[in-house]
Amino acid sequence: MTALPVVCLLGATGTGKTEAAIRLAQAFDGAVINYDSRQIYRDLPLVTAQPTREEQARCPHHLYGFLPAGARRSAGAYARLVHAMAARVRRQGRLPILVGGTGLYLRAVLSGLAPIPDIPAALRADIQRECDRVGPHTLHARLAAVDPASAARIAPADRQRITRALEVYAATGRTLTDWHAQEATTGPEYAAVKIGLDISAHGYAQRLAGRIEAMVEQGAVAEVARAATRFPEGAWGLSGIGCAEILRHLSGELDLDAAKTLWLKNTKAYAKRQMTWFRKESGVSWFAPDDHQGMALLVQARLAGG
RNA sequence: GCCGAGGUAGCUCAGUCGGUAGAGCAGGGGACUGAAAAUCCCCGUGUCGGCAGUUCGAUUCUGUCCCUCGGCA
C-alpha cells in the first residue's frame with residue numbers, strides 16, 4: 001500500500017492556521033480535517049475559534065463542531081476518526097489537510113498509540129474518586145509497587161497520568177510500561193508534509209488579546225452561558241480555556257475584565273505548551289503565518305517529488 | 001524654595017540590628033502513549049539611584065547630589 005499524502009498544519013493557537021489551511025485547500029483541491037481537541041464541540045464554536053460558516057464555505061471542512069459539549073473523545077478514538085476521514089477525502093480525489101493544535105492527537109494519527117483497549121468508564125471514575133480522596137501521592141506509591149518504571153517516569157503530583165497507569169493495570173492486568181513496549185497501532189501510512197506556522201514576532205500577545213476581545217464582542221459570553229444551561233452538571237467541553245474564565249464571570253466571581261485578563265494569561269501559557277510540543281516535532285518546515293505562497297510552493301514540490 | 005515619604009528583579013514590594021538580597025505577579029525552559037485548551041516539573045546577578053565618608057567590609061550607617069510622589073508656599 002502506498003503512503004497517503006497529507007498536509008499537516010501545526011502551530012500555536014491564534015497563528016492563522018485556519019486561513020492558511022483554506023488557501024492550501026483551494027490551491028490543491030484539498031479538504032480540511034480538524035485535529036484540535038476542542039473545536040469538536042458544536043455548542044462552543046466561538047470560544048474554541050472554529051472556522052466560521054463563511055470560512056467553511058470556501059472549501060470542505062471535516063470534524064468540526066460535531067459533538068455536544070458533554071461528550072469526550074479519547075486521543076485514540078479521535079485518531080480513528082481522522083484515519084477514516086482522510087481515507088474518505090482521498091477517495092473523493094481530494095488532498096487531506098490536517099489542521100489543529102493538539103500535539104497528542106497529531107502524534108496518535110501519525111505514529112499511533114499502544115494497543116490498549118478502552119477502559120470501562122466506571123473503573124476510571126472509581127480511581128479518580130479515590131485520587132480526589134487520598135491524593136495523588138498515595139496512588140503514586142501504589143503505582144510504584146506494581147509498575148516501578150511508570151512511577152519513576154510520572155511525577156508524584158501528576159494525578160492524570162497516575163490514575164491512567166493504575167486504571168490500565170486494573171482493567172488489563174498488565175502494566176502501562178508493558179503495553180508501551182508493544183508496537184503501536186497505526187492507521188494508514190501517511191506521507192505527511194508538515195507545515196509549522198511560526199509566531200515569534202512581538203505582536204503575538206496583542207493578537208491573542210485582540211482575538212479575545214473579538215470573541216467577546218461576537219457573543220462568547222452568551223455562547224458559554226447557553227452551553228452551561230444545556231449542561232448544568234458541568235461538561236468536559238466547558239473546561240477549556242475561555243469557557244472556564246467566562247463561567248467564573250457568570251457566577252459573579254470575576255468581573256468581565258478580570259475574566260478576560262485571566263483568559264489571555266491562560267491562552268499564552270497554552271501557546272507556550274503547544275510550541276514546546278511542536279518544536280520537537282520532526283520534519284517541520286516553518287513559515288511566517290501569512291506566507292501562503294511559500295507554503296503552497298513547498299506542498300507542490302513535495303507532492304511532485306513524492 | 002521649605003517640610004515629609006520614597007528610590008532594591010520587567011511590575012508591586014519585603015529585607016539585610018553592617019558580611020553584596022527574596023516573595024508575589026509577570027516572564028522563560030521542559031515533560032507528555034486514549035481527559036491533552038488536560039496534567040505536571042524546573043528556572044531569579046539585580047551597578048539594592050549617583051558620588052564621597054566611616055569601616056577589614058556599605059545595599060544597610062553618615063554626608064551630599066539627582067530623581068519620583070505628597071503637603072506647604
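The sequence lines fix the lettering, A, B, ..., with proteins before strands; numbering per chain opens at 1. All values reported here derive from a predicted model rather than from experimental measurement.
For Y78(A) and H83(A), the distance between ring centers is not under 6.0 angstrom.
Per the geometry, CD belonging to E245(A) stands 9 Å off P belonging to A38(B), to the nearest Å. Between the P atom of A36(B) and the OH atom of Y41(A) lies a distance of 6 Å, rounded to the nearest Å. Between L176(A) atom CG and C32(B) atom P there is a gap of 14 Å when expressed in whole angstrom units. Separating the CG atom of L104(A) from the P atom of A31(B) is a distance of 14 Å, rounded to the nearest angstrom. Between R164(A) atom CZ and A36(B) atom P there is a gap of 12 Å when expressed in whole angstrom units. In this structure, L238(A) places its CG atom 19 Å from P of A35(B), rounding to the nearest Å. Atom OH of Y105(A) and atom P of A35(B) are 8 Å apart (whole Å). The distance from atom CG of L81(A) to atom P of G34(B) is 17 Å, rounded to the nearest whole Å.
Under 4.0 angstrom from either OP1 or OP2 of A36(B) there lies at least one side-chain N or O belonging to W236(A). Taking side-chain N and O atoms only, R279(A) has a distance below 4.0 Å to OP1 or OP2 of G30(B). Residue R273(A) places at least one side-chain N or O closer than 4.0 Å to OP1 or OP2 of A38(B).
Looking at the side chain of R107(A), the nearest of the listed nucleotides C41(B), U33(B), A36(B) is U33(B). Nearest to the side chain of A75(A), among A36(B), C41(B), G34(B), sits G34(B).
Comparing U68(B) with U8(B), their C1' atoms sit 15 Å apart, to the nearest whole Å. The separation of G15(B) from A23(B), taken at their P atoms, amounts to 14 Å, rounded to a whole angstrom. Here, U54(B) and G63(B) have their C1' atoms 11 Å apart, quoted to the whole Å. Annotation: U45(B) and A21(B) have their P atoms spaced 9 Å apart (nearest Å). U16(B) and U60(B) have their C1' atoms separated by 6 Å, given to the nearest Å. Comparing the C1' positions of C48(B) and A14(B) gives an interatomic distance of 12 Å, to the nearest angstrom. Straight-line distance between the C1' atoms of A38(B) and C32(B): roughly 11 Å, to the nearest whole Å. When the C1' atom is used for both C11(B) and C3(B), the distance is 30 Å, rounded to whole Å.
Residue contacts for W179(A): at a heavy-atom cut-off of 4.0 Å it reaches no nucleic acid atom on any strand shown. A114(A) comes within contact range of at least one nucleobase, with a heavy-atom separation under 4.0 Å. Looking at heavy-atom distances under 4.0 Å, R73(A) makes contact with sugar-phosphate atoms alone, never a base. Using a 4.0 Å heavy-atom criterion, one finds that Y78(A) contacts no nucleic acid atom at all. G112(A) comes within contact range of no nucleotide atom at all, as no heavy-atom separation falls under 4.0 Å. Base engagement by T48(A) is indicated by at least one non-hydrogen atom pair under 4.0 Å involving a base atom. At a threshold of 4.0 angstrom between heavy atoms, the contacts of E183(A) with the nucleic acid are absent. Within 4.0 Å of T163(A), counting heavy atoms only, lies at least one base atom of the nucleic acid. Among the atoms of the strands shown, none is found under 4.0 Å from any heavy atom of Q274(A). R153(A) comes within 4.0 angstrom of sugar-phosphate atoms only, judged by non-hydrogen atoms across all strands, and of no base.
Considering L106(A), V193(A), V99(A) as possible partners of L9(A), the one that fulfils the side-chain contact (heavy atoms from CB on, under 4.5 Å) test is V99(A). Under the side-chain contact (heavy atoms from CB on, under 4.5 Å) test applied with T102(A), the options D36(A), L10(A), N34(A) reduce to a single match, D36(A).
If you find the closest nucleotide of RNA chain B to A157(A) and to Q128(A), the one lying nearer the 5' end belongs to Q128(A). Annotation: of the two residues near RNA chain B, D36(A) and T276(A), the 5′-most nearest-nucleotide partner is T276(A).
Summarising the base pairing, A23(B) is matched to U12(B) through a Watson-Crick or G-U wobble pair whose two defining distances lie under 3.5 Å. Base pairing annotation: U47(B) forms no Watson-Crick or G-U wobble pair, as no partner gives both donor-acceptor distances under 3.5 Å. Shown here, G1(B) forms a base pair with C72(B); the pair counts as Watson-Crick or G-U wobble because both key distances fall under 3.5 Å.
A glycosidic torsion no more than 90° from 0 defines the syn conformation; G53(B) lies beyond that range and is anti.
Between K194(A) and E281(A), at least one side-chain nitrogen of the basic residue sits less than 4.0 Å from a carboxylate oxygen of the acidic one, meeting the salt-bridge criterion. The residues R142(A) and E130(A) are annotated as salt-bridged, a charged nitrogen and a carboxylate oxygen being separated by less than 4.0 angstrom. The residues R226(A) and D43(A) are annotated as not salt-bridged, no charged nitrogen and carboxylate oxygen being separated by less than 4.0 angstrom. A salt bridge links D126(A) with R129(A): at least one charged nitrogen is closer than 4.0 Å to a carboxylate oxygen.
A donor N or O paired with an acceptor N or O is found under 3.5 Å between the base of A38(B) and the side-chain atoms of R161(A).
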Write out a two-atom table: protein N or O, nucleotide N or O from nucleotides 24-28 of chain B, distance below 3.5 Å.
| unit_1 | atom_1 | unit_2 | atom_2 | d |
| --- | --- | --- | --- | --- |
| A26(B) | OP1 | K265(A) | NZ | 2.4 |
| A26(B) | OP2 | K265(A) | NZ | 3.3 |
| G27(B) | OP1 | K268(A) | NZ | 3.3 |

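Side chain of R107(A) to main chain of G112(A): no donor-acceptor pair is present (N/O by atom type, distance under 3.5 Å, no hydrogens or angles). Of the possible polar contacts, none joining the S239(A) side chain to the A235(A) backbone as a donor-acceptor pair under 3.5 Å is found.
Between the side chains of T175(A) and D178(A), not a single donor N or O lies within less than 3.5 Å of an accepting N or O.
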Self-check item: salt bridge (Lys or Arg N to Asp or Glu O under 4.0 Å) between R58(A) and E19(A), intermediate numbers included
Solution: CA-CA 10 Å; R58(A) 291 163 63 193; E19(A) 180 62 25; 3.0 Å; yes
